[in-house]
K.L.:
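I'd like to ask some things about the structure below.
Everything quoted here is computed from the prediction, not taken from an experiment. Letters A, B, ... mirror the listed sequences (proteins, then strands); counts begin at 1.
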Amino acid sequence: AEDPIKVGILHSLSGTMAISETALKDTMLMLIEKQNAEGGVLGRKLEPVVVDPASNWPLFAERARELLEKEKVDVIFGNWTSVSRKSVLPVVEELNGLLFYPVQYEGEESSENVFYTGAAPNQQAIPAVDYLKNELGVERWVLAGTDYVYPRTTNRILETYLKDQGVADADIMINYTPFGHSDWQAIVSDIKSFGSAGKKTAVVSTINGDANVPFYRELGNQGVSASDIPVVAFSVGEQELSGIDTAPLVGHLAAWNYFMSVDNEANYDFIDAWVEFKGDEKAVTNDPMEAHYIGFNMYVEAVKKAGTTDVDAIKDAIIGVAVPNLTGGIATMMPNHHITKPVLIGEIQDNGQFSVVWETPSTVAGDAWSDFLPGSKDLISDWRAPLRCGNFNVVTGKCGGSAEVASN
Amino acid sequence: MSMFEQLTNRDQVFEFLAPAASPVDVRHGPILYLEDVNVSFDGFKAINNLNLTIDDGELRCIIGPNGAGKTTMMDIITGKTRPDTGSVWFGSRHNLLTMNEPDIASLGIGRKFQKPTVFEALTVFENLELAMATDKRIFPTLTAIMKPEYRDRIDEVLEMIKLKTLRDKPAGILSHGQKQWLEIGMLLMQKPRLLLVDEPVAGMTEQEMERTAELLTSLAGKQSVVVVEHDMGFVRSIARKVTVLHQGSVLAEGTMDQVSNDREVIKVYLGEEA
Amino acid sequence: MSIFRLLAGLALAWCLALGPAVATAQVQDDTAQTLLQRLAEASNAEKSKVLKQIAESGDERARGWLEAFAGGRLATVKSSGYVVLVTSNTGRNWQVASAVTGDSMGEMSRRDLDSIRVNNALRSQVEGILSVVDLSVADHRARSAAARHLLGRVDTVMAPLIKERLEVEENSQVRDLLANALAIHQLEQGDINAIEQLSGSLNSRVRAALNNAASSDDPAIAAAAEKALASIEQKLKLNKAAETLYFGLSLGSVLVLAAIGLAITFGVMGVINMAHGELIMLGAYTTWGMQQLFPGQPGLALILSIPAGFMVAALAGIIIERSVIQHLKGRPLETLLATFGISLILQQLVRTVISPLNRTVVTPEWMSGSIMINEALSLTLNRLYVIGFALVVFAGLMLIMRRTRLGLEVRAVTQNRAMARSMGIKATKVDIMTFALGSGVAGLAGVALSQITNVGPNLGQNYIIDSFMVVVFGGVGNLWGTLVAGLTLGTINQVLEPWAGAVLAKIMVLVMIILFIQKRPRGLFPQKGRAAEG
Amino acid sequence: MLKIQKLNQYYGESHTLWDLDLDIPQGQCTCVMGRNGVGKTTLMKCIMGEETTKSGSIEFAQDVELTKKRIEDRSRLGIGYVPQGRQIFPLLTVEENLRTGLAVRKDGSKKIPERVYELFPVLKEMKHRRGGDLSGGQQQQLAIGRALVIEPRLLILDEPGEGIQPNIVAQIGEVIRKLIEEDGLTVLLVEQKLPFARKYADRFAILDRGRRVAEDEIAGLTDELIKKHLTV
Amino acid sequence: MWLTRPLREKSTQIFLGVLFSALIVVTFLHLFMPQDSALHVSAYTVTLLGKYLCYALLAVAVDLVWGYLGILSLGHGAFFALGGYAMGMYLMRQIGDRGVYGDPVLPDFMVFLNWDTLPWYWQGFDMAWFAFIMVLLAPGLLALVFGFLAFRSRVTGVYLSIITQALTFALMLAFFRNEMGFGGNNGLTDFRDILGFNLRSDATRLGLFIATGIALAIGYLICRGIVTSKLGRVSVACRDAEARTRFLGYRVERVQLFVFVVSAMLAGVAGALYVPQVGIINPSEFSPLFSIEIVVWVALGGRATLYGAVIGAILVNYAKTVFTGVMPDAWLFALGALFVLVTVFLPKGIAGLLQKRKKAKDDDTATGQEATA
Ligand SMILES: Nc1ncnc2c1ncn2[C@@H]1O[C@H](COP(=O)(O)OP(=O)(O)OP(=O)(O)O)[C@@H](O)[C@H]1O
Ligand SMILES: Nc1ncnc2c1ncn2[C@@H]1O[C@H](COP(=O)(O)OP(=O)(O)OP(=O)(O)O)[C@@H](O)[C@H]1O
Ligand SMILES: NC(N)=O
Ligand SMILES: [Mg+2]
Ligand SMILES: [Mg+2]
């Protein structure tokens, strides 16, 4: 047989991010196993190469280099945090690798070598705010986040967006907390008073990771219920809920592109496979896992289409590739290396699942560059010939500063 | 002991070129002067209106019951303890209460502690090297080199304190008595104007005591020496003037004979048969 | 929303007028089934109507249906469209029962069921219906909750009914709430006199109503509302201060709990125990484990976790002491290296054996929510318990260290091991017991923390730095110091947080610690005297 | 009471005690003498178990082989130790320092024997002061008092008079005699000061460079011996 | 001269010999061995080794203050990170208009945070000489101010350790804040050139590796020079009996300050060389756990030996690299066990093991003799 196709898996298995990323590694292993059971791709088996960047950002770059230079993998699936992606980015560009990034992120990036299968802000944050405004009549906004770039950027975008819609300064409260923040007493109390001004108030939460549990606990204990002040979260999924006592949370919201509870045969099959793979009846699936599912299938299709695993060939072939997602729709790889996704709003239920209460009528294509940030509203990304540019300025008609990189 | 003096002066070719390390002004009287000093610890008065003067070149013995405040007095002089009230002058120019330990030490006050304290990780030789009177600022210390005459001096002292064989052993392995000797050696290296010696002969044999007595007497005159000791035999052998401290203040002062016949001193300190 | 109002009004009428007699009424089973099926098929707007009909049906099962609907536990069987009640909805197969008869229908695959969607608006509507019904129940707490729910939700149809209810209501708290609810409604109608009733209340919905009135077109009303608000603001300030103090104490007691075990192992024994955080983590996982052992009885499990958490962590401590620490006597700095290794191992052990994911620890009923001091000041119960627990643990430790021989012996052993042994003190035993004690207390901290924060492999790391900070700030070797330091740092943090934000507040606290140590180089309660100065 | 035979001790590679034999008869005070660094303290530490011996035996009360006992059990056998350099617990109060000795008392008493306070009244006065704050002499008194708390059968004193005021030194001597005569205590004393040794000891032994070079009744401590082994 | 004195020591000669041979061998194998040869050292490995050498220099800096001065700094990562940021700022400015937004002056993260001018503290970092001075100055100054306050007040022991930890923790939180103007959590990344050389070329990488090796050699010499000088013995005296040293007339706080600042600067240099090799600097380098880890390397290698620190740093990080690759799920067990076993069975670290061997051969060489002029 031919050499196997080597698939690098770059997810933290230790350190603070292991909590989120371990499941993604397992997802990849499961997908690869399944693909191999079906005979691989182009008659070649797939071979996973797992490394542990240990939640250490420089180590991500080092491991990526190891995967590409030493292990000579054909493609990498990996990363969770933005900073780890930023760390890896120069390496995959230098060594001309392929990276599939499965997590919702702040946008403002488009690399020739990276495929963003998670949501850009316009595929999560904006629709969620629209829902709150239009369906729940929210007029007053708390933007609460962990102090790092994803929440900062998302909140900037939302702030601009809300103000464009006529929301007054006084009706927006912005709050940042450190990673792993565990004492939410004062903040929840502030949110409560902010919410007692007579207008319907909601919290848009970009609070990350471990900080969520104490946050929701405090909300519950201080008697902030979803019917008073709903919280819509962008980083709380089924996996996070599996570590929370959900009873006091019922009715709070999350915006994602996938929920485990979605009633769809493909989804049920995926869940069955996952439960079997993990050997744990309680194993849950979540949005980034779906993103890997989509990304993996897109890669497989692209390899089939190109007939090779050659990186440049894949880059050309993958644009336009469409595969089914797990919510009954189709995900298509766009020229800006982002994909089309439906946006779903779900309410937390007492069983740790979300019940979908609203969804976009059709899928939304991801924007690499936000329309709501002054620096980027004129930029577009298109990696097809002849443009081949990740940051084309439509006003000046020039490809931004990365022209050199593109020809690298 | 001219040999010793020679040693200590070897780098001073001319008197007026001597480093201004110890600009003590003793023209107008005593080298050390304590007036109305008071110290209390959590309400306990350890030093109580203490007045004491030591003349330049004097050898003074201080005795007194355990807890009389002798060590505390030395702590005050060397800047380790700050008194609540009172004044402490070194010569007529230096108010010791405004200075910190290293400043006081560089003025020329050296001390041997009651409980021997040496640098255990350093060798005996290095202990002496560090004590040597040299420029103790950072860069001079960094660039200091071991001149042959320094080495000779250290070896001389090593000979004197009988630790030659243990020269390159870490000081941590010394026996109790050997550490006492090493501390005395360090004091000698320091060439201070004023030596404060807290219980130098504890744990020494009679003969060693005699040698120590000789050493201290020989230093007096050129340097001022304050000795605290409980061994009356030793005190008697060196004493000129003796001060008895009791409950933080001076109980009696005078010659050894005067003091040892003082009823109070006998009562609180010496005991009937001494 | 007016549909909801109308419905609520009707329901109230139904309830008040007919009383318990209606509760026994029953509709035909097939009618009920159709009703529920319509609920399943309806759009959100229509669902609202159907809910109304269900409420009006007066069926004794109606409450169950409404609650099940609000809880997302109604589903239709895909093949038949039959509406079922989901009695257990975890995993891939759900337990279902007939919604109409209540008979169990066994397990069904998730694939074959279609959940009836509910959302916040509908849930709120159901709550409204139920709370109106609840206004006439016997339990005054339930009435009070129902009345509170009505604040800001009364409309013209309901107003007279509330008035009637107000006549007969004898509980003063409920009366007050109802009066306020009514007054809000009247204010909305432009009745300036209502402001008087509202002006003393600290309730946030009342404030919301007054805020709205303050921007009213009628200048008289606006002015009166402003005035009422101002007086409320005044009272709020006081409450706010009290609240901040409470937050501070509660954060402080968490710090104390996390640090107090370290005050023993590090402060007294001198072991730089980097695995302290992981011992806390073990305590937290023990709580989780106990809750798995006693499903459905989180309270009992939690109480049993106190001894269990202590034992588990103490046992781990003993193992650590015997296997590693005992070989490092007299080399305290090396303990840092070894225990750092142990902490890595323990973390990964939990990741591998249990899961890298956080575990759910349920808060028992009696520990959730808050006790209300007044409308603006409530003390969250879990935190209150933690404060109490911290104080009890502290007192207990203090007793052991002060009143028992162990306290004396451990200090003797750490100050001069050889001499202590020469005095006949069994140093090895003392080491084991002390380390076990410190570790056990860390376990207790874990039990408490499981009620506040995540139970996951990183739990320990989040507290280790703070713990060392507290012990050192208080003065190593002094338990009082740890207590005071923890509470002080907690309070300062909470005082700073509102105006500096959480991140800056934390930075400021750290800088403060640095500066404070300059002033007092040996912490708040330094070891004094000759020996300490060295 | 104590019979030491062919004892050898090393610090790392340096041989400190050489084939040392020593007999300490019951109910007497034996004084060990020798220049600084000859190994007196080392010998005491070997008896207490603070240093391990390479070979040889230490027999206690005819039948107990001390070298096989753990340190903490030695004090339980009734050996009290006043080490050189006092070794008090600096951060424990005076009273707590004394209380450390209570655990091994045969009668299980929880009270510090009055005798200790009688002998060293200053200790009673300073009961609540930290041991480390005491003056040198006071600490020495505390160290002796602490050893007495356990009511030992054998009392080891390593230069007990060091730093103590003359009248109390004399008093200590008297107490030693009294304990020997009244309670049948055995005392092993390290002392440099001849007058004290002559006055209170029954026997002496001289060490030189780790070897026992003389052993006799105290009367046999001749100037010649002194000259040979005790002068520098 | 104090700096050249260590060159006469056998241990320093061996150390430098091994270091320079390694540099030469690696360079040779990288440049002249064919790519497919088993002996070829890839650019990946070169950079990896370069990273180890940075860590080694950092560990040497920590050993200087911990081993010889008794100051257990749990915040040395802060100095490392500051040096790294100074270098990162230079590298950011070198990107020029090649950033995603094409702004010739502002780094990308500033554009997207809507900043319109470069903050004052970013001025000058476009000039290499200025940036390189800052690499020394920033950590040096922080150490100076912090050390001045702490040593003046005689903060010692665990109290000092914990406030160094508080220092690095506070800096971490501060640098996380986007308002600080250092790129927040994402830090500084996507570097292009250094001194005009393309950072993405193998030659530059090799150059950086060699530069790091030389920096380590110089750093080692400086430290060795200090510890073998009289000042080194004074340091040890401060470590063991601070009060006693004062009574000899040494200003302990100045000795501590001097050594601390030197150590901080070395750490800064290590950070500056680290950043271009790993390609990112972000606030996690300030994390207290990283600083603790550095101490662990030193302890593992053998405290107060300097070369032990180098061995410890390289060994632990090599172990990490190997373990995370070979057994990604269980590597923490292995690393944890390594720490435990070394402490229990090798009380003086790995250097202790080497010393024991050496001791058997030639007995002692007293430090006093090395000081001979
Ligand atoms: N830091 C302190 N805290 C409390 N008490 C202290 C402190 N320092 C000294 N003292 C007390 O002050 C008194 C004087 O002590 P000092 O050490 O000066 O006595 P001394 O004369 O040197 O006695 P000795 O002859 O026994 O050495 C003692 O009672 C001692 O307990
Ligand atoms: N820990 C140690 N390591 C190595 N050598 C040691 C150690 N302790 C003591 N020594 C050496 O052993 C010898 C005997 O010491 P010891 O303390 O027993 O003497 P000593 O007879 O009690 O003297 P002193 O009269 O000074 O108290 C000394 O030469 C000393 O240097
Ligand atoms: N991209 C994120 N969520 O960091
Ligand atoms: Mg004294
Ligand atoms: Mg001795």
K.L.:
At a 4.5 Å cut-off on heavy atoms, which part of A:D350 comes close to chain C: side chain, backbone, both, or neither?
P.N.:
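Answer is side chain: those atoms of A:D350 sit under 4.5 Å from chain C.
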K.L.:
Could you walk me through whether A:Q353 and C:N89 pass the side chain to side chain contact (heavy atoms under 4.5 Å, CB included) test, one step at a time?
P.N.:
CA-CA 9 Å; A:Q353 292 290 326; C:N89 62 357; over 6 Å; no
K.L.:
Roughly how far, to the nearest 0.5 Å, is CG of C:N462 from CZ of A:F179?
P.N.:
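Nearest 0.5 Å value for the CZ-CG distance: 12.0 Å.
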K.L.:
Which of the residues C:K240, C:R73, C:R383, C:Q451 is involved in the greatest number of heavy-atom pairs with chain A at under 4.5 angstrom?
P.N.:
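The option with the most such pairs is C:R383.
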K.L.:
Counting neighbours of CD on C:E67 that are heavy atoms of other residues, nucleotides or ligands and sit closer than 6.0 Å, is the number greater than 12?
P.N.:
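Yes, CD of C:E67 has more than 12 neighbouring heavy atoms, counting only those of other groups under 6.0 Å.
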K.L.:
Does any backbone or side-chain atom of C:L381 lie under 4.5 Å from a heavy atom of chain A? Answer side chain, backbone, both or neither.
P.N.:
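Neither part.
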K.L.:
Using every non-hydrogen atom in the two residues, find where A:N221 and C:S368 come nearest and quote the distance to one decimal.
P.N.:
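Heavy atoms only, the tightest pair is OD1-CA, 3.4 Å.
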K.L.:
May I ask you to name which of A:D269, A:D280, A:L241 has the most heavy-atom pairs under 4.5 Å with chain C?
P.N.:
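Winner by heavy-atom pair count: A:D269.
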K.L.:
Using side-chain heavy atoms (C-beta onward) and a distance below 4.5 Å, is A:K282 in contact with C:T90?
P.N.:
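They are not in side-chain contact.
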K.L.:
Is A:L13 close to chain C through its backbone or its side chain, or both, or neither, when contacts mean heavy atoms under 4.5 Å?
P.N.:
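Backbone of A:L13 only, per the 4.5 Å heavy-atom cut-off to chain C.
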K.L.:
Tell me which of these, C:N212, C:L236, C:D114, C:V254, has more heavy-atom pairs under 4.5 Å with chain A than the rest.
P.N.:
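Most heavy-atom pairs under 4.5 Å with chain A: C:N212.
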K.L.:
When rounded to the nearest 0.5 angstrom, what distance separates CG in C:N119 from OH in A:Y131?
P.N.:
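One gets 5.0 Å once the value is rounded to the nearest 0.5 Å.
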K.L.:
Could you look at C:Q347 and say if it's the side chain, the backbone, both or neither that has a heavy atom under 4.5 Å from chain A?
P.N.:
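C:Q347 has no heavy atom closer than 4.5 Å to chain A.
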K.L.:
Please state whether the side chain, the backbone, both or neither of A:V275 comes within less than 4.5 Å of a heavy atom of chain C.
P.N.:
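A:V275 touches chain C through side-chain heavy atoms alone.
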K.L.:
Among A:S225, A:P230, A:S189, A:A247, which residue has the highest count of heavy-atom pairs closer than 4.5 Å to chain C?
P.N.:
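Ranked by heavy-atom pairs under 4.5 Å with chain C, first place is A:S189.
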K.L.:
Does any heavy atom of chain A fall under 4.5 Å from the side chain of C:R205, the backbone, both, or neither of them?
P.N.:
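Contact with chain A is through the side chain of C:R205 alone.
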K.L.:
Can you tell me how far OG of A:S193 sits from CD of C:E243, rounded to the nearest 0.5 angstrom?
P.N.:
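Answer rounded to 0.5 Å: 7.5 Å.
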K.L.:
Among C:T453, C:I452, C:T363, whose side chain to side chain contact (heavy atoms under 4.5 Å, CB included) with A:R217 holds?
P.N.:
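Exactly one pass, corresponding to C:T363.
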K.L.:
Looking just at side-chain N and O atoms, do C:T380 and A:Q185 make a donor-acceptor pair shorter than 3.5 Å?
P.N.:
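Absent: no donor and acceptor within the cut-off.
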K.L.:
May I ask you to name which of A:K192, A:E218, A:E240 has the most heavy-atom pairs under 4.5 Å with chain C?
P.N.:
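It is A:E218.
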K.L.:
Taking every non-hydrogen pair under 4.5 Å, which of C:N454, C:N382, C:V455 racks up the most with chain A?
P.N.:
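Most pairs with chain A among the choices: C:N454.
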K.L.:
Name the region of C:R207, side chain, backbone, both or neither, that has any atom closer than 4.5 Å to a heavy atom of chain A.
P.N.:
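Both parts, backbone and side chain.
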K.L.:
Identify the heavy atoms of C:A502 and A:P178 that sit nearest to each other, and give their distance.
P.N.:
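In this case the closest contact between C:A502 and A:P178 is CB-CD, 3.9 Å.
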K.L.:
Heavy-atom pairs under 4.5 Å with chain C: which of A:S182, A:G223, A:G243 has the most?
P.N.:
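Option with the top pair count is A:G243.
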K.L.:
Please look at C:R92 and chain A and tell me whether the side chain, the backbone, both or neither of the residue comes under 4.5 angstrom of a heavy atom of that chain.
P.N.:
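Both the backbone and the side chain of C:R92 come within 4.5 Å of chain A.
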K.L.:
Please flag which part of A:Q349 lies under 4.5 Å from any non-hydrogen atom of chain C: side chain, backbone, both or neither.
P.N.:
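Side chain only.
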K.L.:
If I measure from the heavy atoms of chain C, does A:T22 come under 4.5 Å with its side chain, its backbone, both, or neither?
P.N.:
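The side chain, not the backbone.
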K.L.:
In terms of heavy-atom proximity below 4.5 Å to chain C, should A:S355 be classed as side chain, backbone, both, or neither?
P.N.:
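Only the side chain of A:S355 comes within 4.5 Å of chain C.
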K.L.:
Please round to the nearest 0.5 Å and tell me the distance separating atom OG of A:S227 and atom CD of C:Q125.
P.N.:
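Between atom OG of A:S227 and atom CD of C:Q125 there are 13.0 Å.
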K.L.:
Using non-hydrogen atoms and a 4.5 Å limit, figure out which bit of A:S261 sits close to chain C: side chain, backbone, both or neither.
P.N.:
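Both parts, backbone and side chain.
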K.L.:
Just checking C:K78: does its NZ atom have more than 12 heavy atoms from other residues, nucleotides or ligands closer to it than 6.0 angstrom?
P.N.:
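More than 12 within 6.0 Å, yes.
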K.L.:
To the nearest 0.5 Å, what is the distance between CG (C:N120) and CG (A:D228)?
P.N.:
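If I round to the nearest 0.5 Å, the distance is 10.0 Å.
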K.L.:
Nearest 0.5 angstrom please: C:N203 CG to A:S196 OG, how far?
P.N.:
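C:N203 atom CG to A:S196 atom OG measures 9.0 Å (nearest 0.5 Å).
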K.L.:
Can you tell which part of A:E265 gets under 4.5 Å to a heavy atom of chain C, answering side chain, backbone, both or neither?
P.N.:
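For A:E265, backbone and side chain are both near chain C.
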K.L.:
Go through the steps to decide whether A:D272 and C:R110 satisfy the test salt bridge (Lys or Arg N to Asp or Glu O under 4.0 Å), and finish with yes or no.
P.N.:
CA-CA 11 Å; A:D272 285 347; C:R110 171 79 185 77; over 6 Å; no
K.L.:
Examine whether an atom of C:M367 lies under 4.5 Å from a heavy atom of chain A, and if so say whether it belongs to the side chain, the backbone or both; otherwise answer neither.
P.N.:
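For C:M367, backbone heavy atoms alone lie under 4.5 Å from chain A.
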K.L.:
C:E497 and A:I187: side chain to side chain contact (heavy atoms under 4.5 Å, CB included), yes or no, with the steps?
P.N.:
CA-CA 8 Å; C:E497 200 176 294; A:I187 292 162; 3.5 Å; yes
K.L.:
Non-hydrogen atoms of chain C under 4.5 Å away: do they reach the side chain of A:D183, the backbone, both or neither?
P.N.:
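Contact with chain C involves both backbone and side-chain atoms of A:D183.
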K.L.:
Which pair of heavy atoms, one from C:V503 and one from A:Y176, lies closest together, and at what distance?
P.N.:
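Looking at all heavy atoms of both residues, the closest pair is CG2-O, 3.9 Å.
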K.L.:
Which pair of non-hydrogen atoms, one from A:I19 and one from C:L357, has the smallest distance, and what is that distance?
P.N.:
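Nearest pair, atom of A:I19 first, then C:L357: O-CD2, 3.0 Å.
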K.L.:
What option among A:Y268, A:Y216, A:W184 has the most heavy-atom pairs under 4.5 Å with chain C?
P.N.:
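That would be A:Y268.
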K.L.:
Please find the pair of heavy atoms, one from C:R351 and one from A:A18, that lie closest to each other, and give the distance.
P.N.:
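That would be NE-CB, 3.9 Å.
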K.L.:
What option among A:G220, A:A226, A:A197, A:S20 has the most heavy-atom pairs under 4.5 Å with chain C?
P.N.:
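That would be A:A197.
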